[in-house]
2 protein chains.
Amino acid sequence: MRTQTDFAERTIEYEKLLSYFKALLKNENLKYTKQREVILDGLYNSDGHLTPEELYNLIQKNHPTLKTGIATVYRTLQLLEDHNMVTSLSFGSQGKKYELGAKEHHDHMICTECGEITEFVDEEIEKRQHLIADELGFKMSNHSMQIYGTCRQCQEKQ
Amino acid sequence: MRTQTDFAERTIEYEKLLSYFKALLKNENLKYTKQREVILDGLYNSDGHLTPEELYNLIQKNHPTLKTGIATVYRTLQLLEDHNMVTSLSFGSQGKKYELGAKEHHDHMICTECGEITEFVDEEIEKRQHLIADELGFKMSNHSMQIYGTCRQCQEKQ
DNA sequence: GTCGCTGCAAAGTCTTTGCAGAGAG
DNA sequence: CTCTCTGCAAAGACTTTGCAGCGAC
């Protein structure tokens, strides 16, 4: 099993991400704006699991001079999701969160006390998922798995 | 692996479900009302994956004489969820759906074309989930897994 | 009878959209 | 220059809440 740390090492650098984004925009006759840049940047320079509002606040804090509306955050997240650059996660009552999807596939372990999200991958589970889809005659396009519980820190607090 | 059909056989009968619900209400000095009955009934007599609005419509159709407001549906679903009688699922853009949680644990395979939901359980995956939680020092309380793709019927249509 | 429950409508959230001006290419 | 993007505010979708009357116990 691999965990979050490994992913950090594998995460493609910001430069690559940015040029991919720029190429994509050019390809579709869309424009590369300062707002789109800071949104991508915000997603990159965070733990990667943000609600639209959290992202909006982060941008306001880091780029106070640039006026960026929440509508633009929503629109850009939608754009990024349409092009598979980000993935949206909906964990129960925590609302919809977004993460950069350029990373390798992984699953999530969510602490119900503090909301911390740890990423992991288990090859065995991945294999079985494909197997199950095949058995049910399903053409699998995607999958997600979440484990809910209490993280080590929160257990110690109690 | 087991699938939906097996679950139908394991599903506890409505009578048991109902008496559990009644006992629970009595226990907390809550009242057993006609509205609460038809809501539980609606959840039971369906494929078990309903949005609050779908449930509301179903009730309107099956019990046209009984006035049941959507607010009551929301309130009752909340009540049932608080007492672990139903589970809410949020699958991407499909919105929040509810299912009776008295059934055995299972995971979901969702067709992104027609929205059909098939349930399944894989013991191997269940085992590995516990293992992973242990390795990460996580006290697991719950987990969910979704496989997205195209179901057999929708593949044939194309 | 009491006290919780209900429908209704109003109020909250969260997200999307219309528009006129700003700005990238 | 053109045509997309943006902020703003208004509109939408979904969910929750306050209230006065209703109904379970």
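The chains referred to below are lettered A, B, ... by the order of the sequence lines, with proteins before strands, and numbering in each begins at 1.
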| field | B/T87 and B/E99 side chains, donor-acceptor separation under 3.5 Å | value | no

| Where does the chain B footprint on DNA chain C start and end, counting 5' to 3' with a 4.0 Å heavy-atom cut-off? | C/dC3 to C/dC8

| Difference in axis direction between the ends of the helix from C/dG1-D/dC25 to C/dG25-D/dC1, five pairs, 10° | 40°

| Parallel, tilted or perpendicular: which describes the rings of A/H49 and A/H106, with under 30° parallel and over 60° perpendicular? | perpendicular

| So, A/S141 side chain and B/Y148 main chain: donor-acceptor pair closer than 3.5 Å or not? | yes

| query | Is there a donor-acceptor contact under 3.5 Å from the side chain of A/S19 to the main chain of A/K16? | reply | yes

| query | Is a side-chain donor-acceptor pair under 3.5 Å present for B/S144 with A/Q146? | reply | yes

| query | Heavy-atom count around A/E53 CD within 6.0 Å, excluding the residue itself: above 12? | reply | no

| said: Can you list, in residue-number order, the parts of residues 52-67 of chain B that come under 4.0 Å of DNA chain C, counting heavy atoms only? | reply: B/K67

| request: Provide, to the nearest angstrom, the distance between the CZ atom belonging to B/R36 and the C1' atom belonging to D/dC25. | output: 13 Å

| query | Checking A/E116 side chain against A/T150 main chain: does a donor-acceptor pair fall under 3.5 Å? | reply | no

| query | Where the side chain of B/D107 meets the backbone of B/M145, is there a donor-acceptor pair that is under 3.5 Å apart? | reply | yes

| message | Testing the 3.5 Å rule here: is there a donor-acceptor pair between the side chains of B/H143 and B/H105? | response | yes

| Taking CZ from B/R75 and C1' from D/dC19, how many angstroms apart are they, rounded to a whole number? | 11 Å

| Hey, are the side chains of B/H130 and B/F138 touching, using non-hydrogen atoms and a 4.5 Å cut-off? | no

| query | Would you say the side chains of A/S88 and A/E81 form a donor-acceptor pair under 3.5 Å? | reply | yes

| task | Kindly state which residues belonging to residues 23-35 of chain B come within less than 4.0 angstrom of DNA chain D, counting heavy atoms of the residue only, listed by number. | result | B/K31, B/Y32

| request: With sequence neighbours left out, write down each residue that passes side chain to side chain donor-acceptor pair (under 3.5 Å) with B/D82, or none if nothing qualifies. | output: B/Q78

| Residues two or more places apart in sequence or in another chain: which of them pass side chain to side chain donor-acceptor pair (under 3.5 Å) with A/E28? | A/H83

